[in-house]
Amino acid sequence: SQKIEQNSEALNIQEGKTATLTCNYTNYSPAYLQWYRQDPGRGPVFLLLIRENEKEKRKERLKVTFDTTLKQSLFHITASQPADSATYLCAPLGDDKIIFGKGTRLHILP
Amino acid sequence: NAGVTQTPKFQVLKTGQSMTLQCAQDMNHNSMYWYRQDPGMGLRLIYYSASEGTTDKGEVPNGYNVSRLNKREFSLRLESAAPSQTSVYFCASSEMGPLVGYEQYFGPGTRLTVT
């Protein structure tokens, strides 16, 4: 069955550094991969979409890569700020499935 | 625009009681979704509606029913609540289906406890 893995442990990053989050998937071939941000007590908010034929996508301080050979996406936040602290969810989409990863909690330390 | 709204925000039910969670969107989106989120389990799709008049099962449909009342509204019904249905429920909508890449817009959630 399809499986998505994100860093299960919380990630602590010093302010100003680059935070890198990982999303690995198995047993399916997504045509798209989305990343969402979720703050405590709130619904997820869409951040970025990357297509299978795109290697990299950028939006302001955010960068996403998509390696269909490794079956992996990396999500980078450069020049991180305490306001970037949240849980980040990946959602590889394809094969008629809508599946979200469990998310990685990111803490940016001032 | 309010985006996606959900009612109620909180609910406590006794085992065996029934209730309907309401969801509405004002973005003229075609597709709507119901998810549940449990600690350590992530977001799991219960049901979705690709367009008005259609509904399909997601990953965890047992114990739930849905109604796509019109293009704006998508309700989730628990006929006989069980403690295993204690969760946070999110409604979402997208312009078209996410399987073609469209982003989902989520509501604020309903926190349901079944005792």
Checklist line | Verify same cluster id: A:Leu62, A:Val64 (apolar side-chain graph, 4.5 Å) | finding: yes
Check: Same cluster or not: are A:Leu48 and A:Ile4 linked, directly or through other Ile, Leu, Val, Met, Phe, Trp or Tyr residues, by side-chain heavy atoms under 4.5 angstrom apart?
Finding: yes
Check: Would you say B:Met32 and B:Val88 are hydrophobically clustered, going by side-chain heavy atoms of ILVMFWY under 4.5 Å?
Finding: no
Note to self: So for A:Ile98, is it side chain, backbone, both, or neither that comes closer than 4.5 Å to the heavy atoms of chain B?
What the structure shows: both
Looking only at N and O atoms, which donor-acceptor pairs between chain A and chain B are within less than 3.5 angstrom?
unit_1	atom_1	unit_2	atom_2	d
A:Tyr32	OH	B:Val100	O	3.4
A:Gln34	NE2	B:Gly101	O	3.3
A:Gln34	NE2	B:Tyr102	O	3.2
A:Tyr36	OH	B:Gln104	N	3.0
A:Gln38	OE1	B:Gln37	NE2	2.9
A:Gln38	NE2	B:Gln37	OE1	2.9
A:Gly41	O	B:Arg111	NH2	2.9
A:Lys102	NZ	B:Gly40	O	3.4

Item checked: Hphob cluster co-occupancy, A:Leu74 + A:Leu49, side-chain heavy atoms under 4.5 angstrom -> no
Item checked: Flag if over 12 foreign heavy atoms under 6.0 Å of CE, B:Met96 -> no
Next item on the list: Tell me, for B:Leu43 versus chain A, whether the close heavy atoms (under 4.5 Å) come from the side chain, the backbone, both or neither.
Entry: both
Item checked: Co-membership, hydrophobic cluster, residues B:Phe74 and B:Met19, 4.5 Å side-chain -> yes
Notebook entry, point to check: A:Leu89 versus chain B, heavy atoms under 4.5 Å apart: side chain, backbone, both or neither?
Noted result: side chain
Checklist line | Pairing residues for A:His107 by the side-chain hydrogen bond (donor to acceptor under 3.5 Å, both in side chains) criterion, not counting sequence neighbours | finding: none
